[in-house]
Number of protein chains: 2
Amino acid sequence: MSVRLRPIQALRLWQEVGLSMVRRHAVDLTQRQMVILLTIYLEPPPHTVRGLAAKLGVTKPVITRALDAMGELDLVSRRRDPADRRNVIIQRTVRGSLFLDEFSDRVVEAAGALAP
Amino acid sequence: MSVRLRPIQALRLWQEVGLSMVRRHAVDLTQRQMVILLTIYLEPPPHTVRGLAAKLGVTKPVITRALDAMGELDLVSRRRDPADRRNVIIQRTVRGSLFLDEFSDRVVEAAGALAP
DNA sequence: GAAAGATGATACGGATGTGAAACGATCGGG
DNA sequence: CCCGATCGTTTCACATCCGTATCATCTTTC
């Protein structure tokens, strides 16, 4: 079933989650990087640079650089497609899964604590 | 009453909202800027630089620069406190309210469209 | 096999954010 | 009245991100 949320609750949810992220001085991803990470983990593989660029409506260098940054943090990994060596397959990592698990827990918790 | 949300739904919600923001090439605020904006609009005034810095756990220059950026976009405005002229009172703007209204609508819509 | 096309990475110039430190303006207690 | 404390801003050096254009590599087509 869908989730019923009122506008004021939506804003409070965003504030609460953002606040906890900022305060923890944790991994600080760009909005684009976050969307890329979520797409990789939520949608069925395989994921390629051009596919992600098309989905987000941004240029390929944006994806490449985001993958560089997140690869440095071990949130995603890349490897060449053996079938077509022009392609790069973007893969999930244990650390990336853990990061999103913790993130979603934080969102769920904040949602549960919302005032009526 | 509180909002019941499952982890996978939380992730899909964040992806959907982030995706719509990225695609629209709309105003793209830093996570910190967004939290500051939300705090200004959700919590009771008055808001000061040091108050926001303390709440977010960041340094004052971060707040000053975020206000510079958002002031440029006319999302917030600043004015000196007449009572104590060292203080700066941060105020809401029509454009800021409109921006958050649209944003929350987008969140609510995405939440309503979530799969079970 | 050579040329054309596709894919991801890189170079460049510009814009913006950050932390640490220092600064000018203002208030307030002695 | 004055000197320390407070508040917001600015400066500096550094890092990151962006879009455009270009590049190297690989595949497909003829």
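Quick note: numbers below take in every heavy atom, side chains included, and nothing from hydrogens, waters or symmetry partners. To find a chain, count down the sequence lines: A is the first, B the second, and so on, and within it residues start at 1.
Each of B:Leu73, B:Val76, B:Leu42 was compared with B:Leu37 under the side chain to side chain contact (heavy atoms under 4.5 Å, CB included) criterion, and only B:Val76 meets it. Exactly one residue among B:Arg23, B:Glu16, B:Arg24 makes a side chain to side chain contact (heavy atoms under 4.5 Å, CB included) with B:Ser20. That residue is B:Arg24.
Residue B:Val62 is classed as a sugar-phosphate contact, given heavy-atom separations below 4.0 Å to backbone atoms only.
Protein chain A contacts DNA chain D from D:dC17 to D:dT27, reading 5' to 3' and using non-hydrogen atoms of the protein with a distance under 4.0 Å.
Residues forming a side-chain contact (heavy atoms from CB on, under 4.5 Å) with B:Val108 (at least two apart in sequence, or on another chain): A:Pro7, A:Ala10.
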Open item on the list: At under 4.0 Å between heavy atoms, how does the protein contact nucleotides 5-17 of chain C? Give one character per nucleotide, 5' to 3', with B, S or -.
Closed with: BBBBSBB-----S
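Although no hydrogens or angles enter the test, the distance criterion places a donor-acceptor pair under 3.5 Å between the side chain of A:Gln9 and the main chain of A:Arg6. With B:Arg80 contributing its side chain and B:Arg86 its backbone, the two residues share a donor-acceptor pair below 3.5 Å.
Hydrophobic clustering (ILVMFWY, side-chain heavy atoms < 4.5 Å, transitive): A:Leu67 and A:Ile89 are in distinct clusters.
Annotation: of the two residues near DNA chain D, A:Ala66 and A:Ala83, the 5′-most nearest-nucleotide partner is A:Ala66.
Ring planes of A:Trp14 and B:Trp14: parallel class, angle under 30° (limits at 30 and 60°).
Using a 4.0 Å cut-off between a side-chain N of Lys or Arg and a carboxylate O of Asp or Glu, A:Asp68 and A:Arg78 qualify as a salt bridge.
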